[in-house]
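What follows is a set of notes on a single structure, which appears directly below.
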Amino acid sequence: MNMQSVIESKLRALQPRWVQVENESHKHNVPPGAQSHFKVTVVSPRFDDQPLLARHRMVNQLLAQELSSSIHALALHTLTPDEWSERGGRVADSPPCLGGSNAGGH
């Protein structure tokens, strides 16, 4: 099973109304076919009355094994159904990669 499928499968524990997992590894300085950088959008009623940090902790806990071994970066968009509706079912694009420690000539 590829990493995108693993992430999607584990996020089902949140009983989401919408889940989208995008492999953004190709936008970074990684080998072809890498599965290390992901953008995750999760819309779940389990996020109702939860601050953003608590929502991110829920996701991080579900993906703890992958975060400790395979995933280098995870852009999280964790929304309640009402927030998702207010945004018209859209989230922001990920910013361009600046090359990590190579950014700015460092």
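This structure is a prediction, so every number in the text was calculated from the model and none was measured.
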> Does the side-chain contact (heavy atoms from CB on, under 4.5 Å) test come out yes or no for Thr80 and Asp49, once each step is laid out?
Replying inline: CA-CA 9 Å; Thr80 67; Asp49 300 319; over 6 Å; no

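Taken from CG in Asn23 to NZ in Lys39, the straight-line distance is 13.0 Å, to the nearest 0.5 Å. Taking CD of Gln20 as the reference point, atom CD of Gln4 lies at 9.0 Å (rounded to 0.5 Å). For the atom pair CZ (Arg55) and CD (Glu83), the distance works out to 4.0 Å, reported to the nearest 0.5 Å. Here Thr78 contributes atom OG1 and Leu52 contributes atom CG; the two are 5.0 Å apart, rounded to the nearest 0.5 Å. Between atom CG of residue Asn60 and atom OG of residue Ser68 there is a gap of 11.5 Å, rounded to the nearest 0.5 Å. With rounding to the nearest 0.5 angstrom, the CZ atom of Arg87 is 8.5 Å from the NE2 atom of His77.
Linking Ile, Leu, Val, Met, Phe, Trp and Tyr residues whenever their side-chain heavy atoms come within less than 4.5 Å places Leu63 and Leu14 in a single cluster. Residues Leu62 and Leu76 are members of one and the same hydrophobic cluster, defined by side-chain heavy-atom contacts under 4.5 angstrom among Ile, Leu, Val, Met, Phe, Trp and Tyr.
A heavy-atom distance below 4.5 Å is found between the side chains of Met3 and Phe38. Within the 4.5 Å cutoff, side-chain heavy atoms of Val6 are placed close to those of Glu66. Using a 4.5 Å cut-off on side-chain heavy atoms (C-beta onward), Val21 and Thr41 make no contact.
Between Pro16 and Ser44, the shortest heavy-atom contact is CA-CB, 4.2 Å. Of all heavy-atom pairs between Asp48 and Pro81, the closest is OD1-CD, 4.0 Å.
A side-chain contact (heavy atoms from CB on, under 4.5 Å) with Val42 is found for exactly one of Trp84, Trp18, Phe47, namely Phe47.
Counting only distance, with no hydrogens or angles, the side chain of Arg17 and the backbone of Pro45 share no donor-acceptor pair below 3.5 Å. Between the side chain of Arg46 and the backbone N or O of Met58, no donor-acceptor pair lies under 3.5 Å.
Side chains of Asp82 and Ser85: no donor on one and acceptor on the other come within 3.5 Å.
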